[in-house]
Enquirer: 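Below you'll find the structure I mean.
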Amino acid sequence: MGVKLGSSGAFGGRRRGDDDLVEAHEINVTPFIDVMLVLLIIFMVAAPLATVDLGVNLPASTAEPQPRPDKPVFVTVKLDLSVAVGEDVIARAALTATLDGVTQGKKDERILLRADKAVSYGDLMEVMNLLRNAGYLKIALVGLDGRG
């Protein structure tokens, strides 16, 4: 709230003995505008971060392919949810022992995981969890080359 001083007197100042202060009834909106601009900027930055896109079509990729190892180890999840290591179809319970035999026990070797397009995401995650529980943490997903 502002105070307006009286403007009587010869030079626009107060008269002696005049202690009357008149209140100004104008609102200073400059701080209000500053706060509103800051809030506007915050919302403009935060709004795009809060949106979620749900259109998912994952099988093809346009990323540059990584160099292939000399002897890659492929784990394949087929349409009937059977699991194969290389060309051999195995039981899920035998996945750890089979991978240990193929990789000679090297847990840091990269495992290339591929799955049929119709295999559900949950079934693929089950196989990934089996690989993680077996100690194979370097897992690469294989997809079609979508650049062509």
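For the numbers below, each heavy atom of this structure counts, side chains included, while hydrogens, waters and symmetry mates do not.
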Enquirer: With side chain to side chain contact (heavy atoms under 4.5 Å, CB included) as the test, would you mind laying out the steps for Leu130 and Thr96 before giving the verdict?
Expert: CA-CA 8 Å; Leu130 289 173; Thr96 303; over 6 Å; no
Enquirer: When rounded to the nearest 0.5 angstrom, what is the spacing between CG in Leu131 and CG in Leu95?
Expert: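 Atom-to-atom, Leu131:CG and Leu95:CG are 5.5 Å apart.
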Enquirer: Nearest 0.5 angstrom please: Lys138 NZ to Arg132 CZ, how far?
Expert: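 Reported to 0.5 Å precision, the distance equals 14.0 Å.
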Enquirer: Rounded to the nearest 0.5 Å, what's the gap from OG1 on Thr103 to CD1 on Ile111? Could you check?
Expert: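 Rounded to the nearest 0.5 Å, the OG1-CD1 separation comes to 6.0 Å.
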Enquirer: What distance do Met128 atom CE and Tyr121 atom OH have between them, rounded to the nearest 0.5 Å?
Expert: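 With rounding to 0.5 Å, CE (Met128) is 7.0 Å from OH (Tyr121).
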Enquirer: Using modelled atom types and a 3.5 Å cut-off, is there a donor and acceptor pairing between side-chain atoms of Lys107 and backbone atoms of Ala134?
Expert: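 Such a contact is found between Lys107 side chain and Ala134 backbone.
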Enquirer: With side-chain contact (heavy atoms from CB on, under 4.5 Å) as the test, pick out the partner of Phe74 among Val102, Leu112, Val85.
Expert: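 Among Val102, Leu112, Val85, the one meeting side-chain contact (heavy atoms from CB on, under 4.5 Å) with Phe74 is Leu112.
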Enquirer: For Val119 and Leu79, work out which heavy atoms get closest and say how close.
Expert: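 What the structure gives for the nearest pair is CG2-CA, 4.2 Å.
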Enquirer: Please report the closest heavy-atom contact between Asp116 and Lys78, naming both atoms and the distance.
Expert: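 Looking at all heavy atoms of both residues, the shortest contact is CB-C, 4.3 Å.
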Enquirer: When you look at CZ of Arg92, are more than 12 heavy atoms from neighbouring residues, nucleotides or ligands closer to it than 6.0 Å?
Expert: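 Yes, because the 6.0 Å sphere around CZ of Arg92 holds more than 12 heavy atoms from other groups.
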Enquirer: Is the shortest side-chain heavy-atom distance between Asp34 and Thr30 below 4.5 Å?
Expert: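 Asp34 vs Thr30: side chains touch.
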Enquirer: Can you confirm whether Val75 sits close enough to Val83 that some side-chain heavy atom of one is under 4.5 Å from a side-chain heavy atom of the other?
Expert: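 They are in contact (side-chain heavy atoms under 4.5 Å apart), so the answer is yes.
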Enquirer: Decide whether Leu141 and Met125 are clustered together by the hydrophobic rule: side chain heavy atoms of Ile, Leu, Val, Met, Phe, Trp, Tyr closer than 4.5 Å, transitively.
Expert: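 Linked, Leu141 and Met125 end up in one cluster.
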Enquirer: Would a distance-only check, ignoring hydrogens and angles, find a side-chain to backbone donor-acceptor pair under 3.5 Å from Thr98 to Ala94?
Expert: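 Flag set: sc Thr98 to bb Ala94 pair under 3.5 Å.
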Enquirer: Nearest 0.5 Å please: distance from the CG atom of Leu81 over to the CG atom of Leu124.
Expert: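 Spacing of CG (Leu81) from CG (Leu124) equals 10.5 Å.
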Enquirer: When rounded to the nearest 0.5 angstrom, what is the spacing between CD1 in Ile139 and CG in Leu113?
Expert: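 The CD1 atom of Ile139 sits 7.0 Å away from the CG atom of Leu113.
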Enquirer: Where is the tightest heavy-atom contact between Arg114 and Gly86, given as atom of each residue plus distance?
Expert: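 For Arg114 and Gly86, the tightest heavy-atom pair comes out as NH2-O, 4.3 Å.
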Enquirer: Does Lys106 have more than 12 heavy atoms from other residues, nucleotides or ligands lying within 6.0 Å of its NZ?
Expert: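 Open.
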